[in-house]
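For reference, the structure discussed in these notes is given below.
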Amino acid sequence: MTGQIIVHPSKESLAAASAARLITTVIDAQAERGEAHVVLTGGSMGSAILEALVATPAAEAIAWELVHLWWGDERFLPENDADRNATQAFQAGLAQLKRLGLDDSTIHQMAASDGPDGDDIEAAAQRYARALADEAAEGSTVPAFDVLMLGVGPDAHVASLFPGKDTLALTDVMTAAELDSPKPPPQRITLTYPAINAARQVWFLVSGEDKAAAVAAATGGASVSEAPAAGAHGTEATLWLIDESAAVGLPRGDDD
Ligand SMILES: O=C(O)C(O)[C@@H](O)[C@H](O)[C@H](O)COP(=O)(O)O
């Protein structure tokens, strides 16, 4: 099952509509379960959705003190490095959300390369697995994330799961180190498929014609090894939230 494809007219409307969708999904999750767990993505769409979120007055309707934020992957760089996904997320909107009640204690960053494990990336990956387990329901190793967002690369990678890599085959660990990423920087920490696929909803956020082939492959039956996005899905919903330029490779009729 590839999921549902929803095409928006532009990157701006994609970001705004996805932010609105995130707000209502989090409000619904909190109504049902009290707290909510959201996994952020890095990359340009990760920033775009946070920028759109903080520009939406409805964001105030969320009980931010009961929101846990996680990352699907992180670039293994020093704290506050401008290329860290967390740094970019703070710049794009997390700093403002703290004024709405979001607390540092529930912003679960992956360790930096000058953090508690130093440059030991394997230890840093394991540290994140422990943080996930600490917030998981009894008997689970990760929270059942309410929403897990994923940007998609032109090679159809998601998080830091890249085509042809050994990390794609991991089934018994929730996090992994990638030491040789084709997208810089080379060292990254990533969630694995079993962690990603524990999410209730997985949302792919994709803009741009350079991603059109990746979208077509991942939704059109390509193997996970060729198109890692094909291996990610939610237990309740899998949504491809894309703009028209990212949809140009889809068969006619799929984007109605
Ligand atoms: O660290 C990262 O870069 C990512 O988390 C990565 O998986 C990203 O989401 C995609 O490469 C899409 O990135 P863009 O939206 O910038 O194309």
Side-chain angles (χ1 to χ4, degrees), residues 8 10-12 14-15 18-19 22 38-53 69-78 80-94 108-113 121 124-125 128 145 147-165 167-168 175-193 195-197 199 202-219 224 226-232 239-243 245-247 249:
H8 297 84
S10 65
K11 182 177 180 182
E12 290 67 36
L14 167 64
S18 303
L22 182 63
V38 174
V39 183
L40 303 174
T41 178
S44 58
M45 280 310 300
S47 293
I49 192 167
L50 287 173
E51 283 162 9
L53 183 71
L69 294 181
W70 303 91
W71 272 266
D73 74 329
E74 185 55 278
R75 304 158 183 181
F76 197 54
L77 295 166
N80 297 326
D81 189 290
D83 285 333
R84 262 176 67 82
N85 288 334
T87 308
Q88 295 179 358
F90 272 94
Q91 276 167 0
L94 296 196
H108 304 278
Q109 296 188 40
M110 291 179 174
S113 60
I121 189 170
Y128 208 61
F145 307 113
V147 179
L148 183 146
M149 293 179 277
L150 292 170
V152 178
D155 58 356
H157 80 260
V158 287
S160 287
L161 299 171
F162 291 93
K165 294 288 187 179
T167 48
L168 303 178
T175 61
E178 172 55 63
L179 306 178
D180 186 24
S181 159
K183 178 180 180 180
Q187 293 203 328
R188 289 150 170 269
I189 298 170
T190 187
L191 299 189
T192 58
Y193 286 125
I196 290 171
N197 294 341
V202 167
W203 299 356
F204 298 97
L205 297 163
V206 201
S207 162
E209 200 163 344
D210 58 325
K211 311 287 180 71
V215 172
T219 59
V224 169
E226 283 169 327
L239 303 184
W240 283 84
L241 305 172
I242 68 178
D243 68 5
S245 59

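For ligands, and for the atoms within them, numbers begin at 1 and follow the listed sequence. Values reported hereafter were calculated over all heavy atoms of this structure, with side chains retained and with hydrogens, waters and symmetry mates removed.
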* Ring center gap for Trp71 and Tyr128 short of 6.0 angstrom -> no
Over all heavy atoms of both residues, which pair between [X] and [Y] is shortest? Give the atoms and the distance, please.
X      : Y      : answer
Leu148 : Ala199 : CB-CB, 3.7 Å
His157 : Asp155 : ND1-OD1, 2.6 Å
Ala86  : Gln109 : CB-OE1, 3.4 Å
Pro184 : Arg188 : O-NH2, 3.0 Å
Val158 : Ala229 : CG1-CB, 3.6 Å
Ile242 : Leu14  : N-CD1, 3.7 Å

In terms of residue, atom name and distance, what is the protein heavy atom nearest to [atom]?
atom                    : value
atom 10 (C) of ligand 1 : His157 NE2, 3.4 Å
atom 16 (O) of ligand 1 : Ser44 N, 2.7 Å
atom 2 (C) of ligand 1  : Arg75 NH2, 3.2 Å
atom 7 (O) of ligand 1  : Ala159 O, 2.7 Å

* Shortest heavy-atom approach to atom 13 (O) of ligand 1 - which of Met45, Met149, Lys183 -> Lys183
* Quick one: look at Pro154 and ligand 1, take heavy-atom pairs under 4.0 Å, and tell me if it's side chain, backbone, both or neither. => neither
Which atoms of ligand 1 are found less than 4.0 Å from any heavy atom of [X]?
X      : answer
Asp73  : 1 (O), 2 (C), 4 (C), 5 (O)
Gly43  : 13 (O), 14 (P), 15 (O), 16 (O)
Val152 : 12 (C)
Lys211 : 14 (P), 15 (O), 17 (O)
Thr41  : 9 (O)
Arg188 : 1 (O), 2 (C), 3 (O)

* Please confirm whether Glu74 comes under 4.0 Å of ligand 1, counting heavy atoms of the residue only. => no
* For the pair Lys165 and Asp180, find out whether any cationic side-chain nitrogen is under 4.0 Å from an anionic carboxylate oxygen. => yes
* Structure fact -> The side chain to side chain donor-acceptor pair (under 3.5 Å) partner of Ser160 among Thr167, Asp73, Asn85 is Asp73
